[in-house]
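Below: one structure, written as structure tokens.
Values below: every heavy atom of this structure, side chains too, minus hydrogens, waters and symmetry copies. This structure is a prediction, so every number in the text was calculated from the model and none was measured.
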Amino acid sequence: MGSEGRAWNGAGMAAGSGYGSGGEAKATTTAVSAAAPAEVPTSAASVDISLPLLKMSPPIIALCKELVEGWSSIDSSLFSIETVSGGITNLLLKVSVKEDNGNESSVTVRLYGPNTDLVIDRKRELQAIPYLSAAGFGARLLGIFENGVVQSFIYARTLSPADMKEPKIAAEIAKELRKFHQVDIPGSKEPQLWNDIFKFLKKAAALKFEDNMKQKRYEKISFREIQDEVQELKDLLDILRAPVVYAHNDLLSGNLMLNDLEGKLYFIDFEYGSYSYRGYDIANHFNEYAGFDCDYNLYPDKDAQYHFFRNYLHTDRPSEVDAQDMEVLYVETNTFRLASHIYWALWALIQAKVSPIDFDYLGYFFLRYGEYKKQRESCFSLAQSFLSELKNG
């Protein structure tokens with residue numbers, strides 16, 4: 001909900017089911033260390049994101065001249081700036097210059113939105129980006145400033161929700177996600193999903209709205225109920241012991257780009273990236289099949305999921321994936337499906353209070369939490385039946 005080369009060949013992740021003879025999961029994956037990232041230029045400057053583009057342009061140009069190699073001596077009159085997108089947590093700008101040979105060279109400037117530090121760990125993001133970039137993921141990081149980054153410009157189109165479920169594209173996303181999950185980011189490898197959810201819950205439960213209608217809607221929420229639901233879901237998922245990987249955590253269509261001419265798929269925007277659970281990252285992606293209309297009836301069926309899993313588990317020979325490995329990933333993914341709804345529901349409550357964007361975040365909370373409750377029984381039953389079968393041999 002929140003909102004890039006590929007020439008990297010990672011060694012294979014262990015493709016076993018993850019379950020030992022005693023019925024417990026082995027939460028291990030084979031991490032692949034990326035090459036040490038090159039040192040990235042930094043600036044203490046910041047840009048006022050509330051300014052109109054015309055007034056914002058001079059400081060943006062100054063930043064690019066300071067941070068982008070070879071641009072320091074280019075006359076400011078040769079720069080052009082256009083808005084790529086104004087997302088929920090970012091403003092993306094394309095900055096271009098006319099070179100002496102007549103060609104145009106472009107970079108992307110990403111400006112962080114106001115108050116986004118309440119839902120995004122920028123320190124965690126900036127720690128990971130150079131390593132992901134060095135491993136061939138995302139746009140190349142060119143510079144860092146106080147409230148944003150400068151990155152290379154990607155010549156590709158953004159996917160639509162409908163694109164993601166096309167079998168050929170779904171297979172490529174699965175293969176690329178497998179490689180992404182193998183990148184080793186230095187630091188703690190502890191999964192952050194539940195830490196983030198409980199932090200969101202604490203913040204969400206302490207809000208007060210000046211708007212009386214919003215306050216009345218907010219007061220209908222039972223945070224005790226949500227607390228109990230989160231704890232019960234966590235307890236169940238802990239038993240599954242899903243493999244821990246470095247996860248994207250926001251793989252919606254807007255964060256996927258495709259160069260149709262070259263056939264290259266790009267993952268972008270790693271704001272929510274962290275060590276998390278393999279099944280959560282896949283489930284969160286499947287939830288995004290709902291698209292902009294949030295039609296969760298578009299969640300992929302078992303056949304479509306198995307097509308994705310085959311390409312994720314065995315990128316070279318998808319037809320040779322073990323049936324038990326597929327079942328494990330199916331159960332794992334469709335239980336973490338619930339955690340994705342809880343995460344973005346709580347995220348929406350915080351945004352309802354702090355975001356300047358004209359969007360019904362409170363409505364989005366009720367939508368996602370309502371979907372959680374709608375899917376809860378079947379998802380819990382799936383995991384509990386699976387664990388019971390393992391226990392009984």
**OP:** Applying side-chain contact (heavy atoms from CB on, under 4.5 Å), run through T108 and L93 and close with a yes or a no.
**Re:** CA-CA 6 Å; T108 300; L93 303 173; over 6 Å; no

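- Between the side chain of S385 and the backbone N or O of L382 there is no donor-acceptor pair closer than 3.5 Å.
- Checked against the 6.0 Å centroid criterion, the rings of Y218 and F223 qualify as a close aromatic pair.
- Among all heavy-atom pairs drawn from P167 and H307, the shortest one is O-NE2, 2.8 Å.
- Across every non-hydrogen atom of R122 and G113, the tightest pair is NH2-N, 4.5 Å.
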**OP:** Walk me through it: do E371 and Q375 pass the test side-chain hydrogen bond (donor to acceptor under 3.5 Å, both in side chains)?
**Re:** CA-CA 6 Å; E371 191 64 23; Q375 302 298 334; 3.0 Å; yes

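- The number of heavy-atom neighbours closer than 6.0 Å to CG of D293, taken from other residues, nucleotides and ligands shown, is 12 or below.
- Nearest heavy-atom pair across E332 and P243 is OE1-CD, 3.6 Å.
- Relative to the ring axis of Y299, R337 places its NZ or CZ within 45° and under 6.0 Å from the centre.
- Because its NZ or CZ atom is both nearer than 6.0 Å to the ring centre of F153 and within 45° of the ring axis, K94 counts as a cation-pi partner of that residue.
- Taking the ring centroids of Y369 and Y364, they lie at or beyond the 6.0 Å cut-off.
- K189 has a carboxylate O that lies under 4.0 Å from a charged side-chain N of D184, or vice versa, which qualifies the two as a salt bridge.
- In the displayed structure, E104 atom CD is contacted under 6.0 Å by more than 12 heavy atoms of other residues, nucleotides or ligands.
- A side-chain donor-acceptor contact under 3.5 Å links N255 to the backbone of D250.
- Note: Y296 and H341 meet the aromatic proximity criterion, with ring centroids under 6.0 Å apart.
- Although no hydrogens or angles enter the test, the distance criterion places no donor-acceptor pair under 3.5 Å between the side chain of S388 and the main chain of Q384.
- Using a 4.0 Å cut-off between a side-chain N of Lys or Arg and a carboxylate O of Asp or Glu, K373 and E229 do not qualify as a salt bridge.
- Salt-bridge formation is detected for the pair E271/R110: a Lys NZ or Arg NE/NH1/NH2 atom is positioned less than 4.0 Å from an Asp or Glu carboxylate oxygen.
- With a 6.0 Å radius and a threshold of 12 heavy atoms from other residues, nucleotides or ligands, E69 has its CD atom at or below the threshold.
- Relative orientation of the F137 and F267 rings is tilted, given thresholds of 30° and 60° on the angle between their planes.
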Let me have the donor-acceptor pairs involving side chains of residues 196-204, under 3.5 Å, with sequence neighbours excluded, atom names and distances please.
{"residue": "D196", "atom": "OD2", "partner": "R124", "partner atom": "NH2", "Å": "3.1"}
{"residue": "K203", "atom": "NZ", "partner": "L118", "partner atom": "O", "Å": "2.9"}

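- A centroid separation of less than 6.0 Å is found between the aromatic rings of Y272 and W344.
- Nearest heavy-atom pair, M164 versus E288, reported as atom, atom and distance to 0.1 Å: CE-O, 3.5 Å.
- A side-chain donor from one of N334 and Q305 sits under 3.5 Å from a side-chain acceptor of the other.
- K214 and D211 get closest at one heavy-atom pair: N-OD1, 3.0 Å.
- Relative to the ring axis of Y330, K302 places its NZ or CZ within 45° and under 6.0 Å from the centre.
- The two residues H181 and Y312 make their nearest non-hydrogen contact at ND1-OH, 2.7 Å.
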